[in-house]
Peer 1: 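Have a look at this one before I ask anything.
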Amino acid sequence: MNPATGKALSTYDLHTAEEVDAALDSAVAAQARWREKPLSERVVLLRELAAVLRAGRGEYARLITEEMGKPLAEAEAEIDKCALNCEHYAEHAAEYLAERPVLAEASVVTEPLGVVLAVMPWNYPFWQFFRFAAPALAAGNGAILKHATNVPGCALAIEDVFRKASAPAGLVRALLVDVGEVAKLIADDRIAAVTLTGSTRVGALVASQAGAALKKQVLELGGSDPFVVLADADIPAAAETAVRARFINNGQSCVNAKRFIVDEAVADEFAAAFTAAVARLQVGDPAEAGTTVGPLAREDLRDGLDDQVRRTVAAGGVLRHGGEPVAGPGYFYAPTVLDHVKPGMAAFDEETFGPVAAIVRVSGDDEALALANDTEFGLGAAVWTRSEERARRFARELQAGAVFVNSMVASDPRLPFGGIKKSGYGRELGADGIREFVNVKTVVFGGTR
């Protein structure tokens, strides 16, 4: 479905049980050969993938926009980031995977695990897969992609990227199967490990299934990231960045800032500047230049977001801007600002996955820190202050996988990415990401030296 129009784009046939079986067999066979190739040969594929992505940038970006609704410029940036990630691991995989001498007679080496099942979401349909696949393939693994059911075109296009890059046949396959088939894939002996980016609910389910099969998992789940603005912050800069941090990707990112925790001494100034900037956002056809906020990916997501807004206002939250679906075709929701949000309200307690911002007013640093950590999630966090001492305190005490000072949370191929608490476990990207799906093997030489 095209979420900007509500109309069907294409129809797809699910893969049959026989096709799934054949894909798993071919992936295992291809990975067995792939792992034997020298790392210097494996990283050549990563550079070829980057070239294919850049050459097909316009085509792939349009497909992303059509299937999940992000503005075209953001979809193009997503493809660029995938290519950059491939190039990063092509350059640094040897360093990240190098044998590590520990004792005169002992060292640590890494070996691939096998074929990894990647259960991926729709919000960054190319990036979420490539951020896992580039390091996993460099390490010698293969991959089976089970993508979200509303981006089947992206799933098949990703498989085609590997084909165009001359990847070994079968090494990376996209399977169009129902959600109910995931448990069978996890249990299959041909799958060595599992990675999931998705909701906390689905993460718990996949973790239980992979745990029962004693298979390694990496889970990147939901988030309710705090964006803390202290009394000494640069308010104009914080407000400007806050708009991008909340509304990029139509507000549909695990690491979007969602709760804006602001010292009451500067809360009026921040709320006014932030709301004025939100009012300037352009809602419309995501394929058109100038659009900054497109539709939500599905109708049920829009309706669920509207319910969260209504419950927050009913509980005492103040609606400063937006607060309703946009009339007309498609699954659009007006960029929304809720003020005076408190614990116990939906916009504070729950993850809001869409263009809705919650401003929470606090009476100082201690309360700001307490409320920032008052969540079941722990993915990212941002703090704004001119004080290095305050910044270091918040960086140390905020419960998150990443803390950004005077900037917005974002992933970077050079840095590990992941969460704590119900935001999941394991890391992607950086040196840590490439070591998630390897056997860390200790090798000791006795009488041979």
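For the single chain, residues carry numbers from 1 onward in sequence order. What's counted below: heavy atoms across the whole structure, side chains too, no hydrogens, waters or symmetry copies.
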Peer 1: Closer than 4.0 angstrom, basic N to acidic O: yes or no for E78 and K81?
Peer 2: no
Peer 1: How are the rings of F260 and F227 set relative to one another: parallel (under 30°), tilted (30 to 60°) or perpendicular (over 60°)?
Peer 2: tilted
Peer 1: More than 12 heavy atoms of other residues, nucleotides or ligands under 6.0 Å from NZ of K342: is that the case?
Peer 2: no
Peer 1: Rounded to the nearest 0.5 Å, what's the gap from CG on L53 to CD on E59? Could you check?
Peer 2: 11.0 Å
Peer 1: With a 6.0 Å cut-off on ring centres, are H321 and F274 close enough?
Peer 2: no
Peer 1: Between T110 and R435, is there a side-chain donor-acceptor contact under 3.5 Å, judged purely by atom types and distance?
Peer 2: no
Peer 1: To the nearest 0.5 Å, what is the distance between CD1 on I248 and CZ on R246?
Peer 2: 11.5 Å
Peer 1: Measuring only between side-chain heavy atoms, which start at C-beta, is V293 closer than 4.5 Å to F332?
Peer 2: no
Peer 1: Verify, without hydrogens or angle tests, whether R259 (side chain) and L371 (backbone) share a donor-acceptor contact under 3.5 angstrom.
Peer 2: yes
Peer 1: Does R311 come within less than 4.0 Å of D307, counting only side-chain N to carboxylate O?
Peer 2: yes
Peer 1: Does T292 reach the main-chain N or O of L281 with its side chain, forming a donor-acceptor pair under 3.5 Å?
Peer 2: no
Peer 1: Where do A368 and L230 come nearest, in terms of heavy atoms and distance?
Peer 2: CB-CD2, 4.3 Å
Peer 1: Please give me the minimum heavy-atom distance between V43 and A93, naming the atom from each residue.
Peer 2: CG1-CB, 4.1 Å
Peer 1: Go through the steps to decide whether K146 and L175 satisfy the test side chain to side chain contact (heavy atoms under 4.5 Å, CB included), and finish with yes or no.
Peer 2: CA-CA 6 Å; K146 161 59 182 89; L175 295 181; 5.7 Å; no
Peer 1: Could you tell me if the side chain of L46 sits less than 4.5 Å from the side chain of L49, heavy atoms only?
Peer 2: yes
Peer 1: Heavy atoms only: give me the nearest A400-I420 pair and the separation to one decimal.
Peer 2: N-CD1, 3.6 Å
Peer 1: So how far is it from R131 CZ to Q128 CD, rounded to the nearest 0.5 Å?
Peer 2: 4.0 Å
Peer 1: Given side chain to side chain donor-acceptor pair (under 3.5 Å), test E99 with S107 step by step and report yes or no.
Peer 2: CA-CA 7 Å; E99 180 176 342; S107 61; 2.7 Å; yes
Peer 1: May I ask you to say whether D366 pairs ionically with R393, meaning some side-chain N is under 4.0 Å from a carboxylate O?
Peer 2: yes
Peer 1: Q308 vs V356, test: side chain to side chain contact (heavy atoms under 4.5 Å, CB included). Steps then yes/no.
Peer 2: CA-CA 9 Å; Q308 289 175 308; V356 172; over 6 Å; no
Peer 1: Under a 4.5 Å cut-off applied to non-hydrogen side-chain atoms, are S411 and V255 in contact?
Peer 2: no
Peer 1: Less than 4.5 Å apart, side chain to side chain, heavy atoms only: is that true for Q399 and T375?
Peer 2: no
Peer 1: Sequence neighbours left out, cut at 3.5 Å: what donor-acceptor pairs do the side chains of residues 191-201 make with other protein atoms?
Peer 2:
{"residue": "S199", "atom": "OG", "partner": "V202", "partner atom": "N", "Å": "3.1"}
{"residue": "T200", "atom": "OG1", "partner": "K422", "partner atom": "O", "Å": "3.0"}

Peer 1: Do R361 and D268 meet the salt-bridge criterion of a basic N to acidic O distance under 4.0 Å?
Peer 2: yes
Peer 1: Taking all non-hydrogen atoms of both residues, which atom of D263 and which atom of G364 are closest, and how far apart?
Peer 2: OD2-CA, 3.5 Å
Peer 1: I want to check something: taking the side chain as every heavy atom from C-beta on, are V309 and T352 in contact at a cut-off of under 4.5 Å?
Peer 2: no
Peer 1: Would you say the side-chain atoms of H147 pair up with the backbone N or O of A174, donor to acceptor, closer than 3.5 Å?
Peer 2: no
Peer 1: Where is the tightest heavy-atom contact between T65 and A75, given as atom of each residue plus distance?
Peer 2: OG1-CB, 3.5 Å
Peer 1: Rounded to the nearest 0.5 Å, how far apart are CG of D80 and CZ of F126?
Peer 2: 12.5 Å
Peer 1: Do the side chains of N249 and K70 get nearer than 4.5 Å, heavy atoms only?
Peer 2: yes
Peer 1: Is any side-chain heavy atom of P135 less than 4.5 Å from a side-chain heavy atom of N85?
Peer 2: yes
Peer 1: Do E87 side-chain atoms and A50 backbone N/O form a donor-acceptor pair below 3.5 Å?
Peer 2: no
Peer 1: Which pairs count as side-chain hydrogen bond (donor to acceptor under 3.5 Å, both in side chains) when at least one residue sits in residues 322-336, sequence neighbours excluded?
Peer 2: D306-Y333
Peer 1: Does R427 use its side chain to pair, donor to acceptor, with the backbone of G433 at less than 3.5 Å?
Peer 2: no
Peer 1: Go through L369 and D365 one step at a time and tell me if the side chain to side chain contact (heavy atoms under 4.5 Å, CB included) criterion holds.
Peer 2: CA-CA 6 Å; L369 189 58; D365 291 10; over 6 Å; no
Peer 1: Could you tell me whether the side chain of R414 reaches within less than 4.5 Å of the side chain of H88, counting heavy atoms only?
Peer 2: yes
Peer 1: May I ask you to decide if G180's main-chain N or O and K184's side chain share a donor-acceptor pair within less than 3.5 Å?
Peer 2: no
Peer 1: Search all heavy atoms of P295 against all heavy atoms of N250 and return the closest pair with its distance.
Peer 2: O-ND2, 2.9 Å
Peer 1: CG/L205 to CD1/I186 distance, rounded to the nearest 0.5 angstrom?
Peer 2: 7.5 Å
Peer 1: Check whether N256 reaches the backbone of Q252 with its side chain - one donor and one acceptor, N or O, closer than 3.5 Å.
Peer 2: yes
Peer 1: With ring centroids as reference points, do F162 and F130 lie under 6.0 angstrom apart?
Peer 2: yes
Peer 1: How many angstroms lie between atom CG of N439 and atom CG of L113, to the nearest 0.5 angstrom?
Peer 2: 6.5 Å
Peer 1: Counting heavy atoms not belonging to R54, are there more than 12 under 6.0 Å from its CZ?
Peer 2: yes
Peer 1: Looking only at atom types and distance, does a side-chain atom of N373 sit under 3.5 Å from a main-chain N or O of E397, one as donor and one as acceptor?
Peer 2: yes
Peer 1: Could you go through L379 and E220, starting from their C-alpha distance and side-chain angles, then the distance that decides it, and tell me whether this counts as side chain to side chain contact (heavy atoms under 4.5 Å, CB included)?
Peer 2: CA-CA 8 Å; L379 197 53; E220 195 264 278; 3.6 Å; yes
